[in-house]
Enquirer: 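This is the structure I have questions about; it appears just below.
Note that the structure is predicted; figures quoted are calculated from it, not measured. Just so it is clear, the values below take in all heavy atoms, side chains as well, and ignore hydrogens, waters and symmetry mates.
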Amino acid sequence: MTAYLPALLGGMLIGLAAALLLVLNGRVAGISGIVGRLAEGSNVAVNAAFVAGLLLGPVLYRGLAGGWPAVTIAAPLPLIAAAGLLVGFGTRMGCGCTSGHGVVGLARLSPRSFAAVASFLVAGVFAVALLRSSGL
């Protein structure tokens, strides 16, 4: 059970951050929206603080754990780049990302978020099946 504690703690911290942002600022903690508003120059202090927290989280982890976690990426760089572009396209098309719809939208019982998360899951299952069948 202790193997799941870091993921459980991380999920609880994500939920706490999302709840605090919603309660204190009335904003949904959707990363695509936050980065978009930051790029537009809207509410720079709050949006920059949120993005800074995302970027500094791994540094804090390294300080507390004494090293970086072992990460292995087996996919080729062009595939990763294409996947990133498709995620960005889907985020714009779905009017939000997995963090906004999946973390906050589902908690608020938003029908649009239920549809978006179902789409994310179906697309993910389809993509994995397609990649595995093609040998990638």
Enquirer: Could you check Arg108 against Val28 for side chain to side chain contact (heavy atoms under 4.5 Å, CB included), going step by step and ending with a plain yes or no?
Expert: CA-CA 10 Å; Arg108 296 175 64 209; Val28 170; 3.7 Å; yes
Enquirer: Might you point out which heavy atoms bring Ser113 and His101 nearest each other, and give the distance in Å?
Expert: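 Heavy-atom minimum between the residues: OG-ND1, 2.9 Å.
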Enquirer: Is there a side chain to side chain contact (heavy atoms under 4.5 Å, CB included) between Thr98 and Val117 once you walk through the steps?
Expert: CA-CA 7 Å; Thr98 53; Val117 171; over 6 Å; no
Enquirer: So, taking the atom named CG in Leu55 and the one named CG in Leu60, what distance separates them when rounded to the nearest 0.5 Å?
Expert: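 Answer rounded to 0.5 Å: 13.0 Å.
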Enquirer: By side chain to side chain contact (heavy atoms under 4.5 Å, CB included), which residues pair with Ile73, not counting sequence neighbours?
Expert: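 Result, side chain to side chain contact (heavy atoms under 4.5 Å, CB included) vs Ile73: Val71, Ile80.
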Enquirer: Side chain to side chain contact (heavy atoms under 4.5 Å, CB included) between Val35 and Phe50: does it pass, once the steps are laid out?
Expert: CA-CA 9 Å; Val35 171; Phe50 197 92; over 6 Å; no
Enquirer: So, taking the atom named CG in Leu9 and the one named CG in Leu13, what distance separates them when rounded to the nearest 0.5 Å?
Expert: 4.5 Å
Enquirer: Looking only at heavy atoms, which two atoms of Trp68 and Tyr61 are closest? And how far apart?
Expert: C-CE2, 4.4 Å
Enquirer: Let's go through Leu54 and Ile34 carefully: what are the C-alpha distance in whole Å and the side-chain angles of both, what is the deciding distance for side chain to side chain contact (heavy atoms under 4.5 Å, CB included) to 0.1 Å, and is it a yes or a no?
Expert: CA-CA 11 Å; Leu54 290 176; Ile34 290 170; over 6 Å; no
Enquirer: Grab the two heavy atoms, one from Ser99 and one from Gly30, that are nearest each other, plus how far apart they are.
Expert: OG-CA, 3.6 Å
Enquirer: Check whether Leu22 and Val103 end up in the same hydrophobic cluster, where Ile, Leu, Val, Met, Phe, Trp and Tyr are linked by side-chain heavy atoms less than 4.5 Å apart.
Expert: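 Yes, it is one cluster - the side chains of Leu22 and Val103 are joined through contacts under 4.5 Å.
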Enquirer: Quick one: pull up CZ in Arg62 and CG in Leu56 and give me the separation to the nearest 0.5 Å.
Expert: 13.5 Å
Enquirer: Going hydrophobic residue to hydrophobic residue with side-chain gaps under 4.5 angstrom, can you get from Leu121 over to Leu106?
Expert: yes
Enquirer: Without swapping roles, check the side chain of Asn47 against the backbone of Asn43 for a donor-acceptor pair under 3.5 Å.
Expert: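 Side chain of Asn47 to backbone of Asn43, a donor-acceptor pair under 3.5 Å: yes, one is there.
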Enquirer: Taking Cys97's backbone N and O only, do any of them form a donor-acceptor pair with Thr91's side chain (distance below 3.5 Å, no angle check)?
Expert: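 No; judged by distance alone, with no hydrogens or angles, the pair does not exist.
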Enquirer: According to a 4.5 Å side-chain heavy-atom criterion applied to Ile, Leu, Val, Met, Phe, Trp and Tyr, with indirect links allowed, do Phe120 and Leu109 form part of one hydrophobic cluster?
Expert: yes
Enquirer: Donor-acceptor pair, distance only, cut-off 3.5 Å: does the side chain of Ser134 make one with the backbone of Leu130?
Expert: yes
Enquirer: In terms of hydrophobic clustering (I, L, V, M, F, W, Y; side-chain heavy atoms under 4.5 Å; direct or indirect links), are Ile14 and Val104 co-clustered?
Expert: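 Linked within one cluster.
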